[in-house]
Student: 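Sending over a structure as structure tokens; questions will come in a sec.
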Amino acid sequence: MKNLLLVTFLLFGSITFLQAQEQGDSRLHVLGQYGLRLDEPGIGMGWEYFFAPQFGLMPSYTQIFPAVGRAGNFSADLRYYLSKDKSQVYVVTGYSLTSENPQPGTAGTKRNLSGANVGVGAVVPLTDWVGLSTEFKFQSQGFQQTYFRFGLDFPLGK
């Protein structure tokens with residue numbers, strides 16, 4: 001509970017106005033995810049940094065909730081924004097590492113799978129300080145699954 005309050009305080013304490021992405025800007029993403037092939041939901045967070053005009057780098061971690069066991073996914077994605085309008089459409093490619101343990105508490109059952117990500121997405125502003133983020137992303141490792149990611153993004157400024 002303390003961690004949730006701390007994250008909430010940091011989120012709202014550092015938010016600036018939503019604007020077009022510029023070099024040096026960054027955004028905090030709070031997201032949900034749903035695996036379309038295996039019906040696996042997940043929740044996660046990511047931080048996007050714009051290192052060049054229209055290019056963002058976004059590392060993120062998602063805790064996945066499979067029917068049996070535990071799983072988590074770390075992704076490092078490169079985003080290229082096709083538009084600077086109010087709705088910002090982008091393409092994404094990157095690296096992904098999934099750790100899964102189908103039998104927690106049993107020795108030798110954890111495995112790591114790495115692979116590539118490709119996808120498309122959009123960020124649509126809802127207010128001056130929050131936007132809606134949606135994304136379809138295919139991950140090549142493991143079960144080769146397409147994910148629908150959705151959530152909120154909060155601009156942090158420069």
Side-chain angles (χ1 to χ4, degrees), residues 3-4 6-38 40-66 71-100 111-158:
N3 290 338
L4 179 63
L6 178 62
V7 169
T8 304
F9 174 75
L10 289 173
L11 243 165
F12 291 107
S14 61
I15 291 174
T16 60
F17 292 101
L18 191 63
Q19 57 185 320
Q21 65 278 358
E22 295 179 10
Q23 186 173 347
D25 286 352
S26 64
R27 295 177 181 160
L28 180 65
H29 293 259
V30 178
L31 53 97
Q33 163 175 300
Y34 188 74
L36 299 178
R37 183 172 174 203
L38 299 177
E40 293 178 334
I43 57 171
M45 290 186 76
W47 175 67
E48 183 176 18
Y49 176 74
F50 293 96
F51 62 92
Q54 294 183 272
F55 282 94
L57 181 63
M58 183 171 154
S60 65
Y61 178 79
T62 304
Q63 183 67 45
I64 302 169
F65 302 102
N73 176 269
F74 170 77
S75 291
D77 295 329
L78 175 66
R79 293 177 168 189
Y80 175 71
Y81 284 82
L82 302 171
S83 65
K84 291 185 180 182
D85 300 332
K86 201 162 194 158
S87 297
Q88 302 165 5
V89 178
Y90 61 87
V91 292
V92 63
T93 186
Y95 170 78
S96 186
L97 175 67
T98 299
S99 298
E100 58 183 28
R111 69 180 183 163
N112 294 321
L113 306 163
S114 63
N117 298 329
V118 293
V120 296
V123 176
V124 179
L126 298 176
T127 67
D128 288 341
W129 56 272
V130 65
L132 176 66
S133 176
T134 59
E135 181 176 274
F136 279 99
K137 181 164 60 169
F138 175 77
Q139 293 182 337
S140 68
Q141 80 276 14
F143 298 110
Q144 300 179 349
Q145 179 162 216
T146 300
Y147 290 94
F148 174 63
R149 298 176 82 176
F150 55 91
L152 301 174
D153 75 53
F154 303 93
L156 301 174
K158 294 183 182 187

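Start at 1 with the first residue, then count along the sequence. Every heavy atom of this structure was used, including side-chain atoms; hydrogens, water molecules and symmetry mates were not.
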Student: Name all residues meeting the side-chain contact (heavy atoms from CB on, under 4.5 Å) criterion together with Y80; count only those two or more places apart in sequence or in a different chain, and write none if there are none.
Tutor: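 Here the qualifying residues are Q54, F55, L82, V91.
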
Student: With a 6.0 Å cut-off on the ring centroids, do F150 and Y34 count as close?
Tutor: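 That pair fails the under 6.0 Å test.
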
Student: Indicate yes or no: at least one non-hydrogen side-chain atom of L156 is less than 4.5 angstrom from one of R27.
Tutor: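 In short, these two side chains do not touch, never coming nearer than 4.5 Å.
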
Student: Taking all non-hydrogen atoms of both residues into account, name the closest pair between S75 and S96 and its distance.
Tutor: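 Heavy atoms only, the tightest pair is OG-OG, 3.4 Å.
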
Student: Would you indicate whether the side-chain heavy atoms of D25 and F51 approach each other to under 4.5 Å?
Tutor: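 Heavy-atom side-chain distance check fails, nothing below 4.5 Å.
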
Student: Sub-3.5 Å donor-acceptor pair from the side chain of T93 to the main-chain atoms of N117, do we have one?
Tutor: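 Checking the backbone N and O of N117 against the side chain of T93, a donor-acceptor pair under 3.5 Å is found.
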
Student: Please check: side-chain N/O of Q33 versus main-chain N/O of Y147, any donor-acceptor pairing under 3.5 Å?
Tutor: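 No, because the side chain of Q33 does not come within donor-acceptor range (under 3.5 Å) of the backbone of Y147.
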
Student: With side-chain contact (heavy atoms from CB on, under 4.5 Å) as the test, would you mind laying out the steps for V124 and K86 before giving the verdict?
Tutor: CA-CA 7 Å; V124 179; K86 201 162 194 158; over 6 Å; no

Student: For a 4.5 angstrom cut-off between non-hydrogen side-chain atoms, does N112 reach L97?
Tutor: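 Yes. Closest side-chain heavy atoms under 4.5 Å.
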
Student: Would you tabulate the side-chain donor-acceptor contacts of residues 130-138 under 3.5 Å, counting partners in other chains and residues two or more places apart, or write 'none'?
Tutor:
unit_1 : atom_1 : unit_2 : atom_2 : d
E135   : OE1    : R79    : NH2    : 3.1
E135   : OE1    : Y90    : OH     : 2.7
K137   : NZ     : D77    : OD2    : 2.7

Student: For P66 and A71, work out which heavy atoms get closest and say how close.
Tutor: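 Nearest pair, atom of P66 first, then A71: CD-N, 4.1 Å.
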
Student: Between P59 and E48, is there a side-chain heavy-atom distance shorter than 4.5 Å?
Tutor: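 With C-beta onward as the side chain, the pair stays apart.
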
Student: Show the nearest heavy-atom pair for residues Q88 and S83, with the distance to one decimal.
Tutor: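 Heavy atoms only, the tightest pair is CA-OG, 3.5 Å.
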
Student: Check whether the side chains of T62 and N73 place a donor and an acceptor atom closer than 3.5 Å, and report yes or no.
Tutor: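 There is no such pair between these side chains.
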
Student: Using 0.5 Å steps for rounding, measure from the CE atom of M58 to the CG atom of L28.
Tutor: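 One finds 8.5 Å between CE of M58 and CG of L28.
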
Student: Just verifying a value: how many Å separate F74 CZ and T98 OG1, rounded to the nearest 0.5 Å?
Tutor: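 It comes to 11.5 Å.
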
Student: Of all the heavy-atom pairs spanning Y95 and S114, show the shortest one and how long it is.
Tutor: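 Smallest heavy-atom distance, with atoms named: OH-CB, 3.2 Å.
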
Student: Return the minimal non-hydrogen interatomic distance between F154 and W129, and the atom names on each side.
Tutor: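 Minimum heavy-atom separation between F154 and W129: CD2-O, 3.7 Å.
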
Student: Do you know the tightest heavy-atom contact between W47 and S26?
Tutor: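 Closest approach of W47 to S26: NE1-CB, 3.4 Å.
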
Student: Using 0.5 Å steps for rounding, measure from the OH atom of Y61 to the CG atom of L31.
Tutor: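 If we round to the nearest 0.5 Å, Y61:OH and L31:CG are 12.0 Å apart.
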
Student: When rounded to the nearest 0.5 angstrom, what is the spacing between CG in L152 and NE2 in H29?
Tutor: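 It is 10.5 Å, given to the nearest 0.5 Å.
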
